[in-house]
**Q** 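This is the structure I want to talk about, given as structure tokens.
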Amino acid sequence: KAGVQFALILVAAVPVLTIPLYLFSGAPGLPSQPFAERIAQAPEDQSLEELVARVEEHLRVNPGDADGWRVVAPIYARMGRFEDAATAFGRLIDLDGPTSQRMADLGEALVFANEGLVGTRATAVFERALTLDATNAQSKYFLGLAALQEGARCVSKVVGHYAQSVVVVTAGVRELL
């Protein structure tokens, strides 16, 4: 019985204490801001296409912004806009310099833009990536695929590229463990 009485007193006391607190420290005179309007304005609630359009507009005005290209390039690739991804990776490399990973990402975008075929330009890009880092598994994989697509008569060439990429990936997993 005492617990019920305490609960009733607590239920009655909460509004009595909170209403004066709100009137003193709140802002009852401000106009309301409906939730739907607030979330419509937040960038995290915009569609991916709208966010990409904002970045594209920024890059039209600031084409030398390497960070913008760094952000949009992998997003283009995930969206399946592989030609745009290749262009963006190329701009990033022009502005911020080549790295093995950037070159490999550019090569992969070129391959997917070419419907999965590893062309001569992509092959050159992957070879350049390996000159920057001989352990780049992504480049080794695509060079092995290129050899396979070319109909390499020498099976060891294809197997060699794939085996090297597996060794590099396995070593990377062991480092994580």
Side-chain angles (χ1 to χ4, degrees), residues 38-177:
R38 286 182 287 155
I39 64 167
Q41 297 172 358
E44 58 269 6
D45 293 324
Q46 293 180 341
S47 72
L48 181 61
E49 290 78 16
E50 291 170 329
L51 293 171
V52 169
R54 288 175 66 180
V55 173
E56 288 171 336
E57 181 58 33
H58 170 78
L59 290 172
R60 270 191 273 289
V61 175
N62 303 293
D65 181 8
D67 289 332
W69 295 109
R70 187 178 350 283
V71 167
V72 79
I75 293 172
Y76 281 150
R78 286 187 194 101
M79 292 174 72
R81 294 174 56 182
F82 300 114
E83 291 174 6
D84 291 332
T87 300
F89 281 120
R91 289 289 295 138
L92 176 59
I93 291 166
D94 290 343
L95 293 169
D96 213 23
T99 66
S100 180
Q101 189 58 55
R102 285 181 194 148
M103 297 301 288
D105 290 338
L106 169 59
E108 184 173 324
L110 291 169
V111 168
F112 287 118
N114 196 25
E115 299 179 6
L117 297 174
V118 185
T120 54
R121 180 171 176 219
T123 299
V125 168
F126 290 126
E127 289 171 348
R128 173 76 170 116
L130 289 177
T131 65
L132 297 168
D133 178 5
T135 66
N136 187 299
Q138 184 179 1
S139 295
K140 290 180 180 187
Y141 168 82
F142 280 104
L143 289 173
L145 181 60
L148 190 63
Q149 288 174 349
E150 291 172 9
R153 301 282 182 245
C154 180
V155 174
S156 64
K157 181 178 179 183
V158 175
V159 172
H161 283 296
Y162 281 110
Q164 290 174 358
S165 66
V166 169
V167 167
V168 171
V169 170
T170 304
V173 170
R174 283 190 188 133
E175 288 177 16
L176 293 174
L177 301 175

**Q** Does this structure show an ion pair linking E57 with R54, if we count only N-O contacts that are shorter than 4.0 Å?
**A**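 No salt bridge links E57 with R54.
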
**Q** Taking W69 for the side chain and P63 for the main chain, is one N or O donor matched with an acceptor at less than 3.5 Å?
**A**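 Side chain of W69 to backbone of P63: a pair is present.
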
**Q** Would you name the heavy atoms of N136 and L130 that are closest together and state the gap between them?
**A**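 Nearest heavy atoms, N136 then L130: O-CD2, 3.6 Å.
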
**Q** At their closest point, which heavy atom of V118 faces which heavy atom of T123, and how far apart are they?
**A**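 Minimum heavy-atom contact is CG1-OG1, 3.5 Å.
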
**Q** Using every non-hydrogen atom in the two residues, find where A88 and Y76 come nearest and quote the distance to one decimal.
**A**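 Of all heavy-atom pairs spanning A88 and Y76, the closest is CB-CD1, 4.0 Å.
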
**Q** Do you know the tightest heavy-atom contact between D133 and T135?
**A**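 For D133 and T135, the tightest heavy-atom pair comes out as OD1-OG1, 2.7 Å.
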
**Q** Minimum heavy-atom separation for D67 and R70, please, with both atom names.
**A**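 Nearest heavy atoms, D67 then R70: OD1-NH2, 2.9 Å.
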
**Q** Are there more than 12 heavy atoms of other residues, nucleotides or ligands under 6.0 Å from atom CZ of R78?
**A**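 Incorrect, the count does not exceed 12.
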
**Q** Name every donor-acceptor pair, under 3.5 Å, that has one atom in a side chain of residues 102-117 and the other anywhere in the protein, sequence neighbours excluded.
**A**
unit_1 : atom_1 : unit_2 : atom_2 : d
R102   : NH1    : D96    : O      : 3.2
R102   : NH1    : G97    : O      : 2.7
R102   : NH2    : D96    : OD2    : 3.1
D105   : OD1    : Q101   : NE2    : 2.9
D105   : OD1    : Q138   : NE2    : 3.4
E108   : OE1    : Q138   : NE2    : 2.4
N114   : ND2    : L117   : O      : 3.1

**Q** Keeping the roles fixed (side chain from K140, backbone from F126), state whether a donor-acceptor pair exists under 3.5 Å.
**A**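 Here the side-chain-to-backbone pair does not exist.
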
**Q** So do the side chains of M79 and D84 get within less than 4.5 Å of each other, counting heavy atoms only?
**A**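 Result no, sub-4.5 Å side-chain heavy-atom pair not found.
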
